Amino acid sequence: MPVTATEEAKQRVIEAGIKLMETGLIARTWGNVSHRIEGGRFVITPSGRDYRSLTPEDIVTVQISDCSYSGNIKPSSEKGVHAEVYKRFPNAHFVIHTHQEYASVISACKVDAVPITGGMLAGQVLCGAYALPSTKKLQRNVAKALTLTTNKAIIMKNHGAVCYGANDTEAFEAALQLDQACRQYIEGTYKSLTGEQEADAAALSRFALGLSCSSPEPASRMLYHSSRTEDGFLLFDDSGSELLARYDELDAAMPEEAWVYQQIYRTHKQINHIRWSGIPEITALSQTGQPLKPLLDDFAQLIGTSARNVALSPSEVTAALKSSSAVLIRGKGALCCGATYDDALAVGMVLEKNGKAHIGAKLLGQVKPIHYLESLLMRVVYLKKYSKQAAATS
């Protein structure tokens, strides 16, 4: 039996969703993919589903005109954003909404547009005004930005980016070129301000944060990652080194974080995995002693209204994780926690991106976190809806 155009479009959407994850343009189910089909419609990824689990039957068909759909599977909550692209650009047949790293960094900065000198995005990429995700206001803000540009990408403030093309290849190329241009914009600003020839991540971070040369250097030792076991926990690092610890059997030979991890596992039963993040940006932020607040909405959803900055102390770290899934460890980086290994990885990815956004915003003039009440609302919605949905389909 021949494959129909709709079935082929659905398969391309599934393949693109997996590619988004593999290229690091999204974490978890953040971001979405759609493909225009005949009859004034498009097919799009469903809401809150792991892309690796999708089948063609899970991909939802939506009307461009009013975003209506049929069936029990809900389409992505950002379907309206995709519809706005298809309404305005007849040659657009593929749309991807990403939470990619450097476009997200720019989205948190006091920047209205990013100038781009070459490639398919030559000219400038506009930044649409902020609104809570999945709202009509966000859709209207995207629509307004789209009326002001013919470029194949726009940045959504404190959120991510929308990129489109005649096909999936062109849409992905737009996303990749956008991230490269946003990175060059940040690094170029640093070079212009300092006269440096290179934009070393550690030096850029320290400069943006005002950490002087006399400030103490961060601890050089990497902390161990960890996973809960039946009667204790495993410590491991990226080189493959492992240490097995049992509750109440820790000794002086154990690294100091072992006592912290023991207290975390005993206090927070939902935490089974802990990832240490020590990238230059997070390490520099940990030196400031200040909490990291949401500049990006996926941080508010997945991590909370703040990641506190505390000493490597069992009591302080455990208390900080009561209302957050991540905590900065003063001078040492951060701990990112989750119920599953993938959860902890996603927390780390979002924390690091938000940390880079804070440094980028500081470099470009103003750090303005998302309002506390909006962050709290997003966190509550995520915990009550999307996390349960992800768990049910994983």
Side-chain angles (χ1 to χ4, degrees), residues 1-101 103 119-121 134 139 142 146 150-154 156 160-180 389-390 393-394:
M1 189 172 179
V3 176
T4 67
T6 298
E7 289 172 330
E8 182 179 351
K10 289 183 174 184
Q11 189 59 47
R12 284 186 176 276
V13 164
I14 292 172
E15 292 169 358
I18 294 172
K19 186 177 178 180
L20 278 177
M21 297 181 69
E22 290 175 345
T23 54
L25 291 173
I26 60 168
R28 293 290 290 268
T29 62
W30 283 278
N32 28 76
V33 183
S34 71
H35 195 316
R36 188 198 293 268
I37 58 175
E38 61 183 8
R41 301 171 298 161
F42 62 94
V43 293
I44 191 169
T45 46
S47 177
R49 291 285 300 275
D50 185 334
Y51 294 118
R52 294 165 296 191
S53 71
L54 296 180
T55 66
E57 290 72 29
D58 299 317
I59 306 302
V60 188
T61 301
V62 178
Q63 289 289 334
I64 294 174
S65 60
D66 60 4
C67 291
S68 61
Y69 65 96
S70 60
N72 297 323
I73 300 176
K74 290 184 178 181
S76 166
S77 57
E78 303 293 8
K79 59 187 179 296
V81 169
H82 292 247
E84 295 298 337
V85 176
Y86 292 127
K87 287 175 185 177
R88 282 161 179 76
F89 303 108
N91 292 329
H93 284 79
F94 209 92
V95 178
I96 57 176
H97 161 42
T98 74
H99 289 213
Q100 61 197 72
E101 189 168 64
M120 70 166 62
L121 302 180
S134 309
Q139 183 178 341
V142 168
L146 289 171
T150 57
N151 213 322
K152 289 184 167 58
I154 63 165
M156 305 156 76
V162 178
C163 304
Y164 72 89
N167 50 49
D168 52 347
T169 300
E170 192 169 81
F172 266 98
E173 185 60 29
L176 294 172
Q177 287 190 22
L178 175 62
D179 231 44
Q180 182 181 25
Q389 189 174 26
T393 58
S394 61

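None of the values given here were measured: they were computed from a predicted structure. These values consider heavy atoms only, across backbone and side chains, with no hydrogens, waters or symmetry-generated copies.
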Checklist entry - Pairs in or reaching into residues 53-65: which pass salt bridge (charged side-chain N to carboxylate O under 4.0 Å, His left out), with residues at least two apart or in two chains? => result R49-D58
Next on the checklist: Please check this pair: side chain of N151 against backbone of L121, looking for a donor-acceptor N/O pair closer than 3.5 Å.
Outcome noted: yes
Next on the checklist: Rounded at 0.5 Å granularity, tell me how far CD1 in I14 sits from CZ in R52.
Outcome noted: 14.5 Å
Checklist outcome for this item: Output for pair (I59 CD1, T6 OG1), nearest 0.5 Å, gives 12.5 Å
Checklist entry - Considering residues at least two apart in sequence or located in another chain, which fulfil the side-chain contact (heavy atoms from CB on, under 4.5 Å) criterion with A175? => result L25, I96, Q100, C163
Checklist entry - Could you state the interatomic distance from CG (L54) to CD (Q11), rounded to the nearest 0.5 Å? => result 10.0 Å
Item to check | Nearest heavy atoms of A171 and G165, plus distance in Å | outcome: CB-N, 3.9 Å
Item to check | Side chain to side chain, F94 and V33, heavy atoms closer than 4.5 Å | outcome: yes
Next on the checklist: Counting C-beta onward and ignoring hydrogens, is there a side-chain heavy-atom pair between K74 and P46 closer than 4.5 Å?
Outcome noted: no
Checklist entry - Can any side-chain N or O of Q139 pair as donor or acceptor with the backbone N or O of V81 at less than 3.5 Å? => result no
For residues 61-69, which side-chain donor-acceptor pairs fall under 3.5 Å, sequence neighbours excluded?
{"residue": "D66", "atom": "OD1", "partner": "S68", "partner atom": "N", "Å": "3.0"}
{"residue": "D66", "atom": "OD1", "partner": "S68", "partner atom": "OG", "Å": "2.8"}

Checklist entry - Hey, does V13 have a side-chain heavy atom less than 4.5 Å from the side chain of I44? => result no
Item to check | Y86: partners by ring-ring contact (aromatic ring centres under 6.0 Å, His included), with sequence neighbours left out | outcome: F42
Checklist outcome for this item: Contacts of E84 meeting salt bridge (charged side-chain N to carboxylate O under 4.0 Å, His left out) (sequence neighbours excluded), chain-then-number -> K87, R88
Checklist outcome for this item: Rounded to the nearest 0.5 Å, the CG atom of L178 sits from the CE atom of M120 at a distance of 11.0 Å
Checklist entry - Closest approach of P56 and K10, non-hydrogen atoms and distance? => result O-CD, 3.3 Å
Next on the checklist: Between D179 and E101, is there a side-chain heavy-atom distance shorter than 4.5 Å?
Outcome noted: yes
Item to check | salt bridge (charged side-chain N to carboxylate O under 4.0 Å, His left out) pairs, two or more places apart, involving residues 167-177 | outcome: R12-D168
Next on the checklist: Using the ring centroid of each side chain, check whether Y164 and F89 are separated by less than 6.0 Å.
Outcome noted: yes
Item to check | S34 side chain near T45 side chain, heavy-atom distance below 4.5 Å | outcome: no
Item to check | CG on L20 to CG on N32, rounded to 0.5 Å | outcome: 9.0 Å
Checklist entry - So which pairs with a foot in residues 38-47 pass salt bridge (charged side-chain N to carboxylate O under 4.0 Å, His left out), sequence neighbours left out? => result none
Item to check | Donor-acceptor side-chain pairing of H93 and N167 below 3.5 angstrom | outcome: no
